[in-house]
Each structure stands twice: as C-alpha cells, then as structure tokens.
Amino acid sequence: MSREEAIKEIIKVLEEAAENLCEEKVNIDIDTRPVGGMGGFDSLAGVSATFDCLAHFDLDDDDVQSIFVKKKHGKLCALTVGESADLLVDISNKKQRGKK
C-alpha cells in the first residue's frame, strides 16, 4: 500500500466517524489530529477507526491498539492523519516482510 492510499482510507473512515460523533462539519486533511482535534473523537473512537482501516487493507497487528496515538517519552501523543498513514504503511510493510 502507498502512503497516499493509506491517507485516502483514513480520511474516509474519519469522515464516516465524524458524521456520528461531531456536532459540526469537520474538514479532514493530512494535518488533522483526530484525537483531541475532532469533537467527540476520543481514544475509543480511535480504536474503532483503527480496526476499520486495518480491515480495509486486510491487516491485523495485535500490538496496535490505535493508529491515532503513539507513546512518546512515556506519554500518549495524538497523531496527525499523515503520521497515522505512516504507521499503517509500516504495518503493511511488516506484514509483507513476514510473508517472504
């Protein structure tokens, strides 16, 4: 999968989530930080959206709870759509290496 494909799918999943979670229209792009940046999109919504993204690309990774947050220096930090896409691509690449 390319980064662009990952970004496109993440935005699609987030737009669907926003319809149910956000009171007002949200413009989602590569710099959007869903957790903390989209009203109603919390860590639980992040887990659900992660599952949807992984399923779309036929991926699974038991070590990944959410592609929307990452532990940095002992703290959970909210990631942008672009950073989340990078994680998704890494998971895909890891799966591909495992198949060889």
Side-chain angles (χ1 to χ4, degrees):
M1 126 188 29
S2 71
R3 185 173 193 259
E4 291 74 26
E5 290 172 313
I7 289 168
K8 183 178 176 181
E9 181 61 20
I10 290 169
I11 289 174
K12 178 182 157 209
V13 166
L14 291 175
E15 287 173 343
E16 290 170 4
E19 288 179 18
N20 297 320
L21 299 171
C22 301
E23 294 179 10
E24 54 190 53
K25 177 103 171 97
V26 178
N27 183 28
I28 301 169
D29 61 28
I30 194 168
D31 295 318
T32 300
R33 216 173 280 278
V35 175
M38 289 173 51
F41 193 93
D42 57 12
S43 58
L44 183 58
V47 171
S48 178
T50 295
F51 176 81
D52 292 345
C53 289
L54 291 173
H56 176 80
F57 291 108
D58 193 30
L59 299 171
D60 67 18
D61 189 325
D62 293 334
D63 296 331
V64 176
Q65 298 277 325
S66 175
I67 61 170
F68 300 100
V69 294
K70 185 173 186 175
K71 198 172 251 188
K72 293 181 183 178
H73 309 293
K75 291 185 177 182
L76 281 180
C77 298
L79 301 177
T80 65
V81 168
E83 292 167 327
S84 297
D86 293 337
L87 276 179
L88 201 54
V89 169
D90 287 345
I91 293 166
S92 176
N93 289 340
K94 186 169 87 172
K95 178 181 178 181
Q96 292 301 319
R97 284 191 303 269
K99 283 186 172 182
K100 292 179 182 179

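Side chains are part of it too, since the values below use all heavy atoms of this structure and drop only hydrogens, waters and symmetry mates.
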request  = Go through the steps for Glu5 and Ile10 under the test side-chain contact (heavy atoms from CB on, under 4.5 Å), then give the verdict.
outcome  = CA-CA 9 Å; Glu5 290 172 313; Ile10 290 169; over 6 Å; no

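- A search for side-chain contact (heavy atoms from CB on, under 4.5 Å) contacts involving Glu15 returns Ile11, Ile28, not counting sequence neighbours.
- Ile30 and Val89 fall within a single hydrophobic cluster, where Ile, Leu, Val, Met, Phe, Trp and Tyr side chains are chained together by heavy-atom contacts under 4.5 Å.
- When all heavy atoms of Ala85 and Ile7 are compared, the closest pair comes out as CB-CG1, 3.5 Å.
- The cluster map of Ile, Leu, Val, Met, Phe, Trp and Tyr, joined by side-chain heavy atoms under 4.5 Å apart, puts Val69 and Met38 in the same cluster.
- Residue Glu16 places its CD atom among more than 12 non-hydrogen atoms of other residues, nucleotides or ligands, all under 6.0 Å distant.
- Annotation: ring-ring contact (aromatic ring centres under 6.0 Å, His included) contacts involving residues 58-85, sequence neighbours excluded, comprise Phe41-Phe68.
- Annotation: side-chain hydrogen bond (donor to acceptor under 3.5 Å, both in side chains) contacts of Asp29 (sequence neighbours excluded): Thr32.
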Throw together a table of side-chain donor-acceptor distances under 3.5 angstrom for residues 47-57, partners on residues two or more places apart or in other chains.
{"unit_1": "Thr50", "atom_1": "OG1", "unit_2": "Gly46", "atom_2": "O", "d": "2.7"}
{"unit_1": "Thr50", "atom_1": "OG1", "unit_2": "Ile67", "atom_2": "N", "d": "2.8"}
{"unit_1": "His56", "atom_1": "NE2", "unit_2": "Glu9", "atom_2": "OE1", "d": "3.4"}

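- Sorted by first then second residue, the salt bridge (Lys or Arg N to Asp or Glu O under 4.0 Å) pairs that include residues 74-90, not counting sequence neighbours, are Arg3-Asp86, Arg33-Glu83.
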task = Evaluate side-chain contact (heavy atoms from CB on, under 4.5 Å) for Lys95 paired with Asp58, printing each intermediate quantity in order.
result = CA-CA 10 Å; Lys95 178 181 178 181; Asp58 193 30; 3.8 Å; yes

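- Interatomic distance, OG of Ser43 versus CG of Leu76, reported as 8.5 Å (0.5 Å rounding).
- Every residue was checked against the salt bridge (Lys or Arg N to Asp or Glu O under 4.0 Å) condition with Asp42, not counting sequence neighbours, and none meets it.
- Heavy atoms only, all atoms of each residue included: Val35 and Ala78 are closest at O-CB, 3.3 Å.
- Atoms OG and CG, from Ser84 and Leu79 in turn, are 5.0 Å apart once rounded to the nearest 0.5 Å.
- Heavy atoms only, all atoms of each residue included: Pro34 and Leu14 are closest at CG-CD1, 3.5 Å.
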task = Start with the C-alpha gap between Cys77 and Lys70, add the side-chain angles, then the distance that decides, and say whether side-chain contact (heavy atoms from CB on, under 4.5 Å) holds.
result = CA-CA 5 Å; Cys77 298; Lys70 185 173 186 175; 5.7 Å; no

task = Test Val64 against Ile91 for side-chain contact (heavy atoms from CB on, under 4.5 Å), laying out the working first.
result = CA-CA 9 Å; Val64 176; Ile91 293 166; 3.7 Å; yes

